[in-house]
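Just so you know, ligand 1 is whichever comes first in the structure, and atom 1 is the first atom listed for that ligand. Along the sequence shown, residues carry numbers from 1.
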Amino acid sequence: MLKALILSGVILIMCALTPLGGAQQNKVDEQGHEWYHHAVFYEVYPRSFADSNGDGVGDLKGITSKLDYLEHLGVDAIWITPCFPSPQVDFGYDVSDYEAIDPMYGTLADFDTMVAAAKKHNIKIILDFVPNHTSDQHKWFLESKSSKTNPKRDWYIWRDGKGPGKPPNNWTSTFGGSTWTLDPTTGQYYYHYFYAQQPDLNWRNPEVHKAMLDCMRFWYKRGVAGFRLDAVDTLFEDPDLKDNPLLPGKDKFGFSNENEIYNKKLPEVHDVMRDMRKLADEYGAVLIGETWTQNVAQLNEYYGDHNDELQMPMDLMLTQFHALAAPPFREHISALEDAGGWPVFVISNHDITRSYTRWGGGAHDDQIAKLAATMYMMLRGTPIMYYGEEIGMANNDPKRKEDVQDPQGRRGWPKEIGRDGERTPMQWTDGANAGFTSGKPWLPIGSNYKTHNVATETADPNSILNLYRRVIALRREESALRDGKYFAVNPRDPNVFAFVRTDGRESILVALNMSASAQSVKLDLKAAGVVAAASKKVMLSTSGDGAIAADGTVKMEPYSVVVAKIGQ
Ligand code: GLC
């Protein structure tokens with residue numbers, strides 16, 4: 001009897017933990033934290049990650065073949081940028097079918113195999129959902145443009161021009177030129193915040209709303225653990241299409257700068273975020289937002305007034321810091337800490353110059369890459385890595401307009417060179433094509449692949465790769481780093497950004513010398529409640545032994561880091 005009771009109890013507990021229909025486990029710890037709070041995310045740009053069939057473009061089988069590598073690195077979830085059928089005008093961000101896989105990347109069966117294999121490696125799959133626009137080749141748009149009376153006409157934003165050759169208003173596309181393109185069949189203009197091949201959906205139409213949420217459901221049922229939501233700011237436009245106020249100067253494409261108050265960040269965006277969240281909650285899924293913001297207060301809005309919008313709005317602000325310097329980094333982290341949300345750190349992605357290039361560019365590039373890694377893995381929050389960051393991949397920007405693949409670069413050259421530079425193939429080995437493909441890679445291999453590649457760095461204990469592995473492992477092992485409070489140390493130091501993470505039982509000091517000169521700093525740890533400053537155990541140092549003396553002094557090489565357990 002007792003045995004039967006225990007058994008049924010065990011079964012009940014197991015049922016509570018077993019995913020339902022693709023839903024993920026939803027275990028919350030004592031602090032109310034869910035899996036994604038402690039996870040390390042890794043962005044895969046599928047074109048460039050690993051090519052299994054020699055056509056020069058990466059694919060899903062390629063990703064599956066690298067799951068061992070990702071698990072060993074310490075990655076918990078991968079976000080795959082759009083892998084759905086697409087004419088590839090914007091390399092997948094122009095989706096022509098939300099419920100299939102582009103043949104270039106494989107099949108739905110390959111997708112299912114990848115999800116199942118990832119599960120064995122304890123890695124969750126996050127897809128990239130593009131809600132703002134479809135491809136102009138999506139069947140919805142083809143129907144919509146076929147006539148003014150087509151039932152799908154109102155699924156997109158169609159308007160008459162102001163007169164011959166005059167679009168409905170002055171809005172300009174972030175990819176250059178007017179946001180309006182005239183369709184000769186019906187004589188009306190359609191709206192596109194991005195390329196003309198990316199017409200904006202009309203989210204004010206309830207049918208669009210339903211169709212899009214159904215697409216998300218399709219993938220949840222196939223086992224995805226969540227979505228990264230593309231370009232959420234641009235979901236809604238002012239229904240009266242009021243002209244945006246002009247700002248001084250021109251954009252990179254030669255058009256007047258605008259204050260985009262009528263076609264960006266409209267309040268209705270939050271209604272959609274709440275609806276997407278309700279759906280995500282049904283599946284225990286996580287929503288990551290591509291949330292471009294000017295400041296932390298703006299970023300906070302995306303969590304929702306009742307934490308009912310995005311669990312993970314990305315803080316993309318660090319990607320806009322063009323140089324390393326302790327004061328602005330410290331200030332930004334303090335603002336995040338004061339705001340109280342769970343930060344989501346990003347230091348580069350497929351739209352932004354790689355951090356290795358942005359913050360490096362001199363004699364200390366590898367040291368700087370290690371410093372950046374230590375910083376965002378040791379802060380309170382969830383990091384989202386970009387493939388290749390862990391080996392110090394650099395931007396490989398095109399030198400001539402004729403080599404550019406990204407239309408943005410072709411249109412804006414030379415002021416806007418496009419995003420090819422940060423999208424070059426993953427550097428696996430020092431062999432042919434860096435081990436990415438047996439064919440001709442779609443973009444040239446980065447110039448540092450001989451020294452900066454997975455194989456070479458795996459063998460070198462002092463490599464960037466092994467430092468990433470170490471800091472990710474520390475995050476996992478140390479509760480002070482996972483959940484501990486953050487205290488800034490020596491808040492006026494112009495060179496060393498230092499902080500303590502403490503869970504009340506253990507305190508860990510992280511010191512980052514963000515300057516090109518050696519520093520000797522006397523750390524004042526009283527504010528963090530630490531009386532005995534001397535390090536109990538140096539956990540990581542790229543600066544000699546990294547020891548902290550009894551009076552709190554630590555000596556640091558240029559751009560070095562020290563992570564140490566210190567007394568209470
Ligand atoms: C996002 C994507 C970018 C894409 C754009 C349009 O910003 O990250 O790559 O071009 O949206 O979908």
Side-chain angles (χ1 to χ4, degrees), residues 41-49 58 79-98 102 126-138 141 156 171-177 179 181 191-201 203 212 215 227-237 251-253 260 263-265 269 287-293 302 310 312-317 319-320 344 346-354 384-387 395 404-412 416-424 442-443:
F41 286 67
Y42 184 99
E43 177 189 353
V44 169
Y45 196 68
R47 291 182 75 84
S48 298
F49 195 58
W79 145 35
I80 304 175
T81 63
C83 51
F84 317 109
S86 159
Q88 302 288 325
V89 172
D90 193 16
F91 300 115
Y93 284 98
D94 46 327
V95 178
S96 54
D97 180 354
Y98 287 93
D102 194 297
I126 306 288
L127 287 182
D128 201 321
F129 194 62
V130 188
N132 178 66
H133 47 269
T134 68
S135 157
D136 63 346
Q137 300 306 309
H138 195 293
F141 188 70
Y156 294 84
W171 298 349
T172 50
S173 161
T174 195
F175 287 166
T179 54
T181 291
Y191 174 72
H192 50 90
Y193 185 77
F194 297 94
Y195 298 129
Q197 295 88 339
Q198 295 169 297
D200 272 48
L201 284 160
W203 273 86
M212 291 301 274
C215 297
F227 287 100
R228 176 263 188 185
L229 302 175
D230 184 64
V232 290
D233 285 340
T234 53
L235 286 188
F236 285 88
E237 302 73 32
D251 66 18
K252 286 181 179 166
F253 305 94
E260 298 171 301
N263 59 343
K264 241 180 158 177
K265 292 197 196 305
V269 166
L287 296 176
I288 305 171
E290 190 202 12
T291 38
W292 283 101
T293 58
Y302 287 97
L310 307 180
M312 291 178 57
M314 282 192 257
D315 174 0
L316 291 158
M317 288 176 272
T319 68
Q320 304 303 297
V344 178
V346 177
I347 59 172
S348 55
N349 72 21
H350 63 285
D351 297 325
I352 304 163
T353 301
R354 283 185 176 275
I384 304 184
M385 301 169 62
Y386 182 45
Y387 82 93
N395 256 58
V404 178
Q405 300 259 6
D406 183 9
Q408 192 186 332
R410 289 203 299 271
R411 184 182 278 183
E416 170 58 70
I417 62 169
R419 299 162 290 179
D420 294 355
E422 52 265 30
R423 297 174 174 181
T424 59
W442 77 285
L443 279 177

Enquirer: List ligand 1 atoms under 4.0 Å from His350, heavy atoms only on the residue side.
Expert: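 Per the distance check, 2 (C), 3 (C), 8 (O), 9 (O).
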Enquirer: Tell me: protein heavy atom nearest atom 7 (O) of ligand 1, and distance?
Expert: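 I find the closest protein heavy atom is Glu290 OE2, 2.7 Å.
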Enquirer: Of the side chain and backbone of Arg228, name the one, both, or neither that has a heavy atom under 4.0 Å from an atom of ligand 1.
Expert: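 Side chain only.
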Enquirer: Looking only at protein heavy atoms, which one is nearest to atom 4 (C) of ligand 1, and how far off is it?
Expert: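 For this ligand atom, the closest protein heavy atom is Asp90 OD2, 3.2 Å.
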Enquirer: If we ignore hydrogens and angles and just use 3.5 Å, is the side chain of Arg47 paired with the main-chain N or O of Phe91 as donor and acceptor?
Expert: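 It does not hold such a pair.
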Enquirer: Please confirm whether His138 and Tyr98 have ring centers closer than 6.0 angstrom.
Expert: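 Distance test on ring centres: under 6.0 Å, yes.
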Enquirer: Just one of Thr291, Leu287, Ile126, Ile384 clears the side chain to side chain contact (heavy atoms under 4.5 Å, CB included) bar with Met312, so which one?
Expert: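 Single pass found, and it is Ile384.
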Enquirer: With heavy atoms of Arg419 as the reference, note each atom of ligand 1 found under 4.0 Å away.
Expert: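 Under 4.0 Å from Arg419, ligand 1 has these atoms: 3 (C), 4 (C), 9 (O), 10 (O).
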Enquirer: Centroid separation under 6.0 Å, is that true for the rings of Phe175 and Phe253?
Expert: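 Not under 6.0 Å, so no.
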Enquirer: Can Phe91 be said to touch ligand 1, with heavy atoms closer than 4.0 Å?
Expert: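 The answer is no: ligand 1 sits nowhere under 4.0 Å from a heavy atom of Phe91.
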Enquirer: Is the closest heavy-atom distance from Gln408 to ligand 1 below 4.0 Å?
Expert: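 Judged by the 4.0 Å heavy-atom criterion, Gln408 does not count as contacting ligand 1.
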Enquirer: With a cut-off of 4.0 Å, which atoms of ligand 1 are near a heavy atom of Phe175?
Expert: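 This gives 10 (O) as the contact atoms.
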Enquirer: Among all the protein's non-hydrogen atoms, which is closest to atom 1 (C) of ligand 1, and how far away is it?
Expert: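 Here the nearest protein heavy atom works out to Asp230 OD1, 2.7 Å.
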Enquirer: Taking only heavy atoms of His133 into account, list the atoms of ligand 1 that are under 4.0 Å away from them.
Expert: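 Once the distances to His133 are compared, the set is 6 (C), 12 (O).
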Enquirer: Check the orientation of His350 and Tyr45. Use parallel for under 30°, tilted for 30 to 60°, and perpendicular for over 60°.
Expert: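 It falls in the parallel class, under 30°.
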Enquirer: What pair of heavy atoms forms the shortest contact from Pro46 to Ile80, and how long is it?
Expert: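 Scanning both residues, the minimum pair turns out to be CG-CG2, 3.9 Å.
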Enquirer: Can you name the residues that form a side-chain contact (heavy atoms from CB on, under 4.5 Å) with Thr319, not counting sequence neighbours?
Expert: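 With sequence neighbours excluded, Thr319 shows a side-chain contact (heavy atoms from CB on, under 4.5 Å) to Trp292, Leu316, Val346, Ile352, Arg358, given in chain and number order.
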Enquirer: Has Arg354 got its NZ or CZ under 6.0 Å from the middle of the six-membered ring of Tyr387, at an angle within 45 degrees of the ring axis?
Expert: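 Yes, Arg354 and Tyr387 form such a contact.
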Enquirer: So does Gly177 get a backbone contact from the side chain of Thr172, meaning a donor-acceptor N/O pair under 3.5 Å?
Expert: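 Such a contact is absent between Thr172 side chain and Gly177 backbone.
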Enquirer: Give me the nearest non-hydrogen protein atom to atom 8 (O) of ligand 1 as residue plus atom name, then the distance to 0.1 Å.
Expert: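 I find the closest protein heavy atom is Asp351 OD2, 2.5 Å.
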Enquirer: I need the contact type for Arg423 against ligand 1. Using non-hydrogen atoms and a strict under-4.0 Å cut-off, is it side chain, backbone, both or neither?
Expert: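 Side chain only; the backbone of Arg423 stays clear of ligand 1.
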Enquirer: Does Tyr45 approach ligand 1 within less than 4.0 angstrom via side chain, backbone, both or neither, non-hydrogen atoms only?
Expert: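 Neither; no heavy atom under 4.0 Å.
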